[in-house]
Amino acid sequence: GDSVTQMEGPVTLSEEAFLTINCTYTATGYPSLFWYVQYPGEGLQLLLKATKADDKGSNKGFEATYRKETTSFHLEKGSVQVSDSAVYFCALSDASRSSASKIIFGSGTRLSIRP
Amino acid sequence: DAGITQSPRHKVTETGTPVTLRCHQTENHRYMYWYRQDPGHGLRLIHYSYGVKDTDKGEVSDGYSVSRSKTEDFLLTLESATSSQTSVYFCAITPGALSGANVLTFGAGSRLTVL
């Protein structure tokens, strides 16, 4: 079945450091890919998405490129801020299914940024 | 806010008792999902619905049942709660892939403790 694998956390960085959080997936069809973020004490919210191969999603300085050849969707940010401290989830939705889409999440990566 | 509410937000119950969590939406979205969030496991899909009376199992459906008798309400029932079902439960909704890549909007979560 479909699955999402994320790098394990926690990840701790200093402010202004470069961030990469790895995400790879397996899917039988042609999934859409997502990054969601969960700030402390809150529910999840969409950070960015990509619906087909080579698409780049971006938002709030974060970027991720849909790489079909490596089945990856790594999250990057050039200069992190303390306010980026949160849990980040990679997810996929297999939109090619004839039935409703299961939307599957990875295990999440906790990010902490030191001032 | 997107018009999705969960109730109750917090519940403490005893092993063996039935529990029902309610998800209510005012967005008229077709698809509704129940997830549980546990440390080290991220978000795991319990059940989802693709229309009134149309539901399907997710990754961790054992011990849970769902019902959707009208578009706006999706109920999650634990017939006989166990301590392993202590978790935070999130409901999510989406209009579906044709309306924008299956982007989920999440409720605030329901924290369930089974003693």
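So that the names make sense, note that chain A is the first sequence line, chain B the second, and so on, each numbered from 1.
In this structure, Gly40(B) and Ser107(A) approach most closely via the heavy-atom pair O-CB, 4.1 Å.
Rounded to the nearest 0.5 Å, atoms CG (Asn102(B)) and CZ (Phe34(A)) are 6.0 Å apart. Within the model, atoms CG of Leu43(B) and CD1 of Ile104(A) stand 10.5 Å from one another, a figure rounded to the nearest 0.5 Å. Atom-to-atom distance recorded for Phe90(B):CZ and Gln38(A):CD is 5.0 Å, nearest 0.5 angstrom. In this structure, CD on Gln37(B) lies 10.0 Å from CZ on Phe105(A), to the nearest 0.5 angstrom.
Remark: Glu69(A) CD is packed, more than 12 non-hydrogen atoms of other residues, nucleotides or ligands lying under 6.0 Å away. For Glu8(A), the CD atom sits in a loose shell: 12 or fewer heavy atoms of surrounding residues, nucleotides or ligands are nearer than 6.0 Å.
For the pair Phe106(B) and Gln45(A), the minimum side-chain heavy-atom distance is 4.5 Å or more.
The cluster map of Ile, Leu, Val, Met, Phe, Trp and Tyr, joined by side-chain heavy atoms under 4.5 Å apart, puts Tyr31(B) and Leu75(B) in different clusters. Residues Tyr88(A) and Leu19(A) are members of one and the same hydrophobic cluster, defined by side-chain heavy-atom contacts under 4.5 angstrom among Ile, Leu, Val, Met, Phe, Trp and Tyr. Residues Leu21(B) and Val60(B) are members of one and the same hydrophobic cluster, defined by side-chain heavy-atom contacts under 4.5 angstrom among Ile, Leu, Val, Met, Phe, Trp and Tyr. Placement of Val52(B) and Val66(B) in two distinct hydrophobic clusters is found when ILVMFWY residues are connected by side-chain heavy-atom separations under 4.5 Å, directly or transitively.
Of the possible polar contacts, none joining the Tyr33(B) side chain to the Lys102(A) backbone as a donor-acceptor pair under 3.5 Å is found.
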Query raised in the report: Is there a side chain to side chain contact (heavy atoms under 4.5 Å, CB included) between Ile103(A) and Leu45(B) once you walk through the steps?
Result: CA-CA 8 Å; Ile103(A) 302 177; Leu45(B) 180 63; over 6 Å; no
